[in-house]
Asker: 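Got a structure for you, questions after.
Everything quoted here is computed from the prediction, not taken from an experiment.
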Amino acid sequence: MGTEPLRIAVIGAGGNTRQQHIPGLIKQDCVSIVGVANRTIESSREAAKELGLPKAYVDWKEIIADKEVDAVCIRT
């Protein structure tokens with residue numbers, strides 16, 4: 001991949017994921033968190049806004065279809 005960051009989307013954005021996992025991934029120079037999918041689109045939007053993520057996905061299927069995603073972190 002060279003100097004391009006690994007583009008990760010997250011499935012599941014509960015408290016531990018919001019407080020520990022996503023902030024920890026964001027701190028990595030080689031990682032870019034592109035978005036999150038939670039139980040509902042509303043909670044996905046809330047998590048994306050809270051964490052400053054560019055995308056809120058409807059569900060995991062939308063993440064899998066996104067060509068901008070290199071890897072998925074499953075936190076359910």
Side-chain angles (χ1 to χ4, degrees):
M1 282 187 75
T3 60
E4 294 294 317
L6 183 65
R7 299 169 300 182
I8 299 175
V10 178
I11 298 172
N16 191 38
T17 301
R18 289 185 194 199
Q19 294 170 4
Q20 300 293 324
H21 289 77
I22 292 176
L25 287 168
I26 289 171
K27 290 179 184 177
Q28 305 304 310
D29 291 334
C30 59
V31 170
S32 173
I33 307 296
V34 297
V36 63
N38 215 17
R39 290 181 189 217
T40 65
I41 187 58
E42 292 81 13
S43 63
S44 296
R45 287 180 183 139
E46 179 183 315
K49 182 178 178 181
E50 175 186 323
L51 296 162
L53 304 177
K55 294 183 181 180
Y57 295 96
V58 172
D59 59 22
W60 65 270
K61 294 173 191 170
E62 192 173 34
I63 287 176
I64 301 302
D66 189 344
K67 300 297 182 200
E68 293 183 20
V69 174
D70 298 318
V72 178
C73 179
I74 302 172
R75 297 293 310 151
T76 60

Asker: With sequence neighbours left out, which residue pairs that include part of residues 51-62 fulfil the salt bridge (charged side-chain N to carboxylate O under 4.0 Å, His left out) condition?
Answerer: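 Pairs touching residues 51-62 that pass the test: Lys55-Asp66, Lys55-Glu68.
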Asker: Test of understanding: clusters of I, L, V, M, F, W, Y form through side-chain heavy atoms closer than 4.5 Å, transitively. Do Leu6 and Leu53 belong to the same one?
Answerer: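 Result: yes, single cluster for both.
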Asker: Going by side-chain hydrogen bond (donor to acceptor under 3.5 Å, both in side chains), name the residues that satisfy it together with Ser32, two or more places apart in sequence or in a different chain.
Answerer: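 Expected list: none.
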Asker: Using links of under 4.5 Å between side-chain heavy atoms of ILVMFWY residues, direct or through other members, which residues join Ile64 in one cluster?
Answerer: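 Same cluster as Ile64: Ile11, Val34, Tyr57, Trp60, Ile63, Val69, Val72, Ile74.
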Asker: Please name the pair of heavy atoms, one in Asn38 and one in Ala13, separated by the smallest distance, quoted to 0.1 Å.
Answerer: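 Shortest heavy-atom contact: OD1-N, 2.8 Å.
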Asker: Quick check on the hydrophobic clustering: are Ile8 and Ile26 connected, directly or via other members, by side-chain heavy-atom contacts under 4.5 Å?
Answerer: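 Yes.
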Asker: Once salt bridge (charged side-chain N to carboxylate O under 4.0 Å, His left out) is applied, what residue pairs with a partner in residues 31-44 remain, sequence neighbours excluded?
Answerer: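 Qualifying pairs: none.
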Asker: Please determine whether side chain to side chain contact (heavy atoms under 4.5 Å, CB included) holds for the pair Ile33 and Leu51, giving the CA-CA distance in whole Å, both sets of side-chain angles, and the decisive distance to 0.1 Å.
Answerer: CA-CA 10 Å; Ile33 307 296; Leu51 296 162; over 6 Å; no
Asker: Tell me, which pairs form a salt bridge (charged side-chain N to carboxylate O under 4.0 Å, His left out) where one or both residues lie in residues 20-32, sequence neighbours left out?
Answerer: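 Pairs touching residues 20-32 that pass the test: none.
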Asker: Sort and list the pairs that fulfil salt bridge (charged side-chain N to carboxylate O under 4.0 Å, His left out) and have at least one residue in residues 17-26, not counting sequence neighbours.
Answerer: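 Sorted result for residues 17-26: Arg18-Glu46, Arg18-Glu50.
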